[in-house]
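Residue numbers count from 1 along this sequence. Since the model is a prediction, treat every value here as computed from it, not as a measurement.
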Amino acid sequence: MKTHQDSDLLEDSSPQQNGVVQSSPTHYSTIAASPSSQEEPISTYFEEKIPIPDDATQIFSFRKLWAFTGPGFLMSIAYLDPGNIESDLQSGAKAGFKLLWVLLASTIIGLLLQRLAARLGVVTGMHLAEVCNRQYPTVPRIILWLMVELAIIGSDMQEVIGCAIAFNLLSVGRIPLWAGVLITIIDTFVFLFLDKYGLRKLEAFFGILITIMALSFGYEYVMVAPNQVEVLKGMFVPYCEGCGPVQLEQAVGVVGAVIMPHNIYLHSALVKSRQVDRNNKKEVKEANKYYFIESSIALFVSFLINVFVVAVFAEAFYDKTNIQVNQQCNESGSPHTDLFPTNNETLQVDIYKGGVVLGCFFGPAALYIWAIGILAAGQSSTMTGTYSGQFVMEGFLNLRWSRFARVLLTRSIAIFPTLLVAIFQDVQHLTGMNDFLNVLQSMQLPFALIPILTFTSLTSIMNDFANGLVWKIGGGMTILMVCAINMYFVVVYVTALNSVLLYVLAALLSIAYLCFVGYLSWQCLIALGVSCLDVCGRIQVGQARHIDIYLLSNMDGDGLVEN
């Protein structure tokens with residue numbers, strides 16, 4: 001059997017037993033690609049591989065950690081996109097410091113899920129979309145691709161709108177929303193071609209954008225000077241005193257904003273950019289270790305930036321009313337006073353109004369620095385979102401297109417609906433659209449989490465690096481909890497629509513949706529070892545025959561299974 005992927009998979013010969021290819025215990029990448037993948041690859045991001053220095057005598061090497069640093073920080077940008085920033089500021093304004101522990105728990109859960117994604121890419125040399133393409137039957141594979149594309153479109157719309165809002169704030173309203181969207185399209189193309197100048201330079205550029213976010217939101221944090229005791233209490237005491245339905249919905253929204261479905265696909269692809277000999281178990285194990293350390297550092301940085309935003313709005317605007325903000329904006333001479341009606345209702349903010357109220361209370365500098373931070377968040381996340389779209393399309397559809405054609409297609413899929421929204425929607429009234437996009441992404445979460453747990457639990461794919469019992473049980477429970485939380489968020493949103501027609505439509509879509517999630521869950525449970533669910537007896541998992549016949553029988557022309 002010959003395995004090949006991006007020139008760094010193994011060549012291996014494995015015997016067949018009863019029509020099933022047996023995985024070699026000494027090799028750690030056993031998924032065969034289709035014959036078409038043996039052609040010269042057309043790639044983005046992977047045109048060069050970063051070499052790893054050899055420090056064989058050291059248990060831990062900072063030189064090696066530096067060599068592996070990059071993919072985790074690109075992945076962490078999804079934790080800092082405008083959708084997350086808006087969720088943060090709403091959390092602070094609606095619940096004060098009380099939900100910081102939810103943010104911390106969500107980030108830790110996100111780290112564990114990203115670990116699975118990174119391990120799949122390191123061990124197999126293939127990212128999640130490629131594995132799904134080779135493992136799932138045709139119809140589920142196409143449905144899965146469409147669902148992931150919906151998640152990417154929803155995320156991309158939030159990111160592009162965030163950039164457009166930042167341009168509007170920086171220009172004092174002179175650049176309308178639609179013009180900001182067009183600017184974002186152009187500069188995204190420019191930045192995407194930075195990888196022609198070297199992978200490390202591209203990763204350094206993303207590092208600069210993260211630094212700009214840290215400095216911008218850190219400035220707001222220092223200026224507002226929130227109560228540090230309350231910050232620590234909110235972060236480490238899992239309790240929400242006096243919270244009601246509003247705070248509960250916001251807590252669910254925090255979880256949904258942090259854990260992004262397309263980010264699992266992205267991270268599993270980014271880790272392929274380092275030179276790792278997959279023949280060598282020690283090197284694979286070492287790569288997993290350093291990627292986990294790097295991801296932990298990256299998500300810690302992203303967590304601190306998110307905390308800055310939550311704490312600023314918790315300290316300055318928690319329990320503030322519209323009339324209080326209106327009066328302050330009048331006194332400061334702000335041109336945006338009409339955003340806040342003269343009533344005693346609790347202040348409602350988004351990333352646009354958030355910048356305005358910061359300017360009213362703390363001066364114009366606070367508004368412009370906030371806008372710079374939002375621009376950095378939106379610009380960086382639009383670029384990584386474009387990478388996600390390319391990886392997903394290449395993996396699921398096995399596209400053989402030029403770089404420009406793929407970038408143009410993946411950008412257009414998200415940009416056209418975003419441009420329509422920008423033309424027909426007022427910049428001051430985008431919160432409803434943001435809620436809808438959060439619901440859309442929440443619904444797509446099972447289509448990333450279930451496959452990643454399935455494939456990292458199969459010995460036929462991961463060999464010695466397959467999930468152990470603790471990870472299988474813990475991962476299954478974690479994914480069940482996250483999906484349940486997000487489904488609650490969806491139900492709350494749908495029930496607030498107050499339309500019988502929409503209820504009926506939602507019910508019909510829910511039946512189809514749950515059927516497909518049930519199919520993926522069935523496959524996942526069998527991979528986790530619940531063999532009693534294999535009612536057809538088509539899936540064999542064990543020492544002698546541990547390749548999943550049912551899944552492998554649908555691989556594209558790789559000849560692994562005798563029909």
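Checked by atom type and distance alone, the side chain of Glu294 pairs as donor or acceptor with a backbone atom of Gly70 at under 3.5 Å. At least one donor-acceptor pair closer than 3.5 Å links the side chain of Tyr291 to the backbone N or O of Val271. A donor-acceptor pair is defined here as one N or O able to donate and one able to accept, closer than 3.5 Å; no such pair exists between the side chain of Ser295 and the backbone of Phe292. In terms of modelled atom types and a separation under 3.5 Å, the side chain of Lys320 and the main chain of Ala316 share a donor-acceptor contact. When atom types are taken as modelled, the side chain of Asn84 and the backbone of Ala78 share a donor-acceptor pair closer than 3.5 angstrom. Not a single donor-acceptor pair under 3.5 Å links the side chain of Asp88 to the backbone N or O of Val310. In this structure, Asn306 contributes its side chain and Tyr79 its backbone to a donor-acceptor pair below 3.5 Å.
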**Request:** Would you check, one step at a time, whether the test side-chain hydrogen bond (donor to acceptor under 3.5 Å, both in side chains) holds for Gln379 with Thr382?
**Result:** CA-CA 5 Å; Gln379 187 59 72; Thr382 55; 3.3 Å; yes
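Taken to the nearest 0.5 Å, the OG atom of Ser296 stands 4.5 Å off from the CG atom of Leu111. The structure places CG of Leu80 at 8.0 Å from CZ of Phe217, a figure rounded to the nearest 0.5 Å. Between the CD1 atom in Ile297 and the CD1 atom in Ile293 there is a gap of 7.0 Å [rounded to 0.5 Å]. For the atom pair OG (Ser268) and CG (Leu128), the distance works out to 5.0 Å, reported to the nearest 0.5 Å. Summarising the geometry, atom CD1 belonging to Ile452 is positioned 8.5 Å from atom OH belonging to Tyr265; distances are rounded to the nearest 0.5 Å.
The number of heavy-atom neighbours closer than 6.0 Å to CZ of Phe62, taken from other residues, nucleotides and ligands shown, is 12 or below. Other residues, nucleotides and ligands contribute over 12 non-hydrogen atoms within 6.0 Å of the OH atom of Tyr503.
Evaluation of the side-chain hydrogen bond (donor to acceptor under 3.5 Å, both in side chains) test over residues 209-224, restricted to residues two or more places apart or in two chains, returns Tyr221-Gln228.
Nearest heavy atoms, Ile351 versus Pro82: CG2-O, 4.0 Å. The shortest heavy-atom contact between Ala251 and Leu99 is N-CD1, 3.8 Å. In terms of heavy-atom proximity, Phe362 sits nearest to Ala366 at CB-CB, 3.9 Å. Smallest separation of non-hydrogen atoms from Val255 and Ser106: CG2-OG, 3.4 Å. The nearest pair of heavy atoms linking Phe391 to His127 is O-CE1, 3.2 Å. The heavy-atom pair separating His267 from Ala117 by the smallest distance is CB-CB, 4.3 Å.
Under the 4.0 Å criterion applied to side-chain N and carboxylate O atoms, Glu203 and Arg274 are assigned as salt-bridge partners.
The closest side-chain donor-acceptor pair between Ser155 and Glu159 falls under 3.5 angstrom. No side-chain donor from either of Glu315 and Asn227 sits under 3.5 Å from a side-chain acceptor of the other. A side-chain N or O of Thr321 and one of Gln324 form a donor-acceptor pair less than 3.5 Å apart.
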Acceptor/donor pairs from residues 231-248 side chains to any protein atom, 3.5 angstrom cut, sequence neighbours excluded:
from   : atom 1 : to     : atom 2 : distance (Å)
Gln247 : OE1    : Gly244 : N      : 2.8
Gln247 : NE2    : Lys94  : O      : 2.9

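Cation-pi geometry between Arg200 and Trp66 is met: under 6.0 angstrom from the ring centre, within 45 degrees of the axis.
Aromatic ring centres of Phe68 and Tyr290: separated by under 6.0 Å.
Tested against Trp370 for a side-chain contact (heavy atoms from CB on, under 4.5 Å), the candidates Ile374, Leu367, Ile372 yield a single pass: Ile374.
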